[in-house]
Amino acid sequence: MKPVTPDNIESIPGRKLSETDTFSFACRPELDCFNRCCRNLNLFLYPYDVLRLCQNLGISSGEFIDRYVDVVLRDGNHFPDVLLTMADNEEKTCPFLTKAGCSVYNDRPYSCRLFPVEQAMVMEDTAGRHGFIYIFRPPEFCHGPGRGDPMTPGQWIENQNAERYVRMTMQWAEIKALFVNNPWPGDGAYGPGAKMAFMAAYNLDAFGDFVFKSGFLKRYRVKKAVQKKLRASRAELLLLGFEWIKLFAWKIPGPRLRPM
Ligand code: SF4
Ligand code: SF4
């Protein structure tokens, strides 16, 4: 989810949608473009995407990172982006693409769920105030536009069962936007602090061990009821990871964690 400013919104290609604007779109296997959109992609993966894909594939977050992602640090940012590695074939297909379609459909990533709608975070000022907009941007080869009933962005999100993905990814985008500044001057984005923050967002198995098997619960007060939820739910653990990054990197307190 790319941060933009009110000044450069108009330069972003695609149709900007307000909450009440509608568009028509339907994707069907009978269309001759079927699966064309699942190749040669810069497919950003957000923390909740990785959580769901690990569950779908039945592998650990460490294994997922080793097998499926490219970690890329871009200029002007102090936290890397995570992209899905495309297959090493001529068409650079998504590793989860099969002839029948997406093999991880029920847990497909946020960007695939919203496609061909994108969300952008609009930074309103340097104090971090922001909003979100939607952009309808199907590629030229896509034959889905103009099909189906008109829908608002909210209806599309509901239709794609993407509400939780959107909530989690918006929370992550707010944290990621903080990293235009460097919380660890001198250390760089691959220093020890940055590695810990990356773990809390993307390597949830390692973060779970850090919370429950290191001295974490001696350094931070976490209510017993919250601990119970953390043990039962990966999404709760991820939300704790988000909160911990904000506290650890930016000294921004949250509701679940208190330093001892
Ligand atoms: S290109 Fe568009 S219509 Fe075709 S399969 Fe992809 S999303 Fe569906
Ligand atoms: S995860 Fe599924 S929907 Fe997304 S690009 Fe891969 S095959 Fe396509």
Side-chain angles (χ1 to χ4, degrees), residues 1-2 13-15 17 21-61 63-72 81-120 134-166 168-169 172-173 201-202 204 234-235 238:
M1 191 186 295
K2 200 177 168 185
R15 183 182 157 213
L17 300 169
D21 285 334
T22 60
F23 63 94
S24 298
F25 183 84
C27 173
R28 304 205 177 99
E30 310 79 63
L31 296 175
D32 62 7
C33 56
F34 187 55
N35 285 346
R36 270 190 72 186
C37 47
C38 298
R39 52 198 75 201
N40 202 12
L41 298 170
N42 272 331
L43 181 46
F44 287 83
L45 293 178
Y46 302 107
Y48 187 64
D49 293 331
V50 173
L51 180 163
R52 290 285 294 260
L53 287 168
C54 287
Q55 287 180 336
N56 183 290
L57 298 167
I59 61 176
S60 71
S61 48
E63 188 180 349
F64 184 86
I65 290 166
D66 286 346
R67 283 177 58 182
Y68 290 112
V69 310
D70 293 324
V71 178
V72 180
D81 290 316
V82 172
L83 285 95
L84 183 64
T85 311
M86 296 291 124
D88 186 17
N89 58 30
E90 207 175 312
E91 295 197 291
K92 298 197 184 320
T93 49
C94 171
F96 307 125
L97 182 64
T98 67
K99 280 192 178 151
C102 176
S103 62
V104 294
Y105 188 80
N106 287 337
D107 299 291
R108 67 198 184 284
Y110 159 88
S111 302
C112 305
R113 255 164 220 270
L114 262 58
F115 186 87
V117 174
E118 295 174 24
Q119 237 184 331
Y134 297 95
I135 304 159
F136 183 65
R137 184 159 50 181
E140 273 183 22
F141 61 76
C142 173
H143 294 162
R147 297 172 191 274
D149 295 330
M151 276 183 278
T152 62
Q155 287 167 330
W156 179 246
I157 287 166
E158 200 180 332
N159 177 280
Q160 295 298 302
N161 200 13
E163 295 97 325
R164 189 156 207 193
Y165 278 82
V166 169
M168 296 294 272
T169 304
W172 175 243
Y202 281 101
L204 214 47
R234 307 295 280 173
L238 182 57

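These numbers come from the heavy atoms of this one structure, side chains and all, not from hydrogens, waters or symmetry mates. Each ligand, and each atom within it, is numbered from 1 in the order the structure gives.
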With distance as the sole test, does Arg234 use its side chain to make a donor-acceptor pair with the main-chain N or O of Arg52 at under 3.5 Å?
-> no
Is Cys142 close enough to atom 2 (Fe) of ligand 1 to have an N, O or S atom under 2.8 Å?
-> yes
Can you tell me the protein heavy atom closest to atom 6 (Fe) of ligand 2 and the distance?
-> Cys94 SG, 2.3 Å
Ring centres of Phe96 and Tyr68 under 6.0 Å apart?
-> yes
Near Cys112 (heavy-atom distance under 4.0 Å), the atoms of ligand 2 are 1 (S), 3 (S), 4 (Fe), 5 (S)
min-distance protein heavy atom vs atom 3 (S) of ligand 1 -> Cys33 SG, 3.4 Å
Is there a donor-acceptor pair under 3.5 Å between the side chain of Arg15 and the backbone N or O of Phe136?
-> no
Check whether more than 12 heavy atoms from other residues, nucleotides or ligands sit under 6.0 Å from atom CD of Gln55, and answer yes or no.
-> yes
Atoms of ligand 2 less than 4.0 Å from Leu41 heavy atoms?
-> 5 (S)
Any idea which protein heavy atom is nearest atom 2 (Fe) of ligand 2, and the distance to it?
-> Cys102 SG, 2.3 Å
Looking at Gly101 and Asn35, what are the two nearest heavy atoms and their distance?
-> CA-OD1, 3.7 Å
Considering only non-hydrogen protein atoms, determine which one is nearest to atom 8 (Fe) of ligand 2 and report residue, atom name and distance to 0.1 Å.
-> Cys38 SG, 2.4 Å
List every atom of ligand 2 that sits less than 4.0 Å from any heavy atom of Pro109, numbering the atoms from 1 in the order shown and giving each element.
-> 1 (S)
Backbone N or O of Cys142 within a donor-acceptor pair of the Arg36 side chain at under 3.5 Å?
-> no
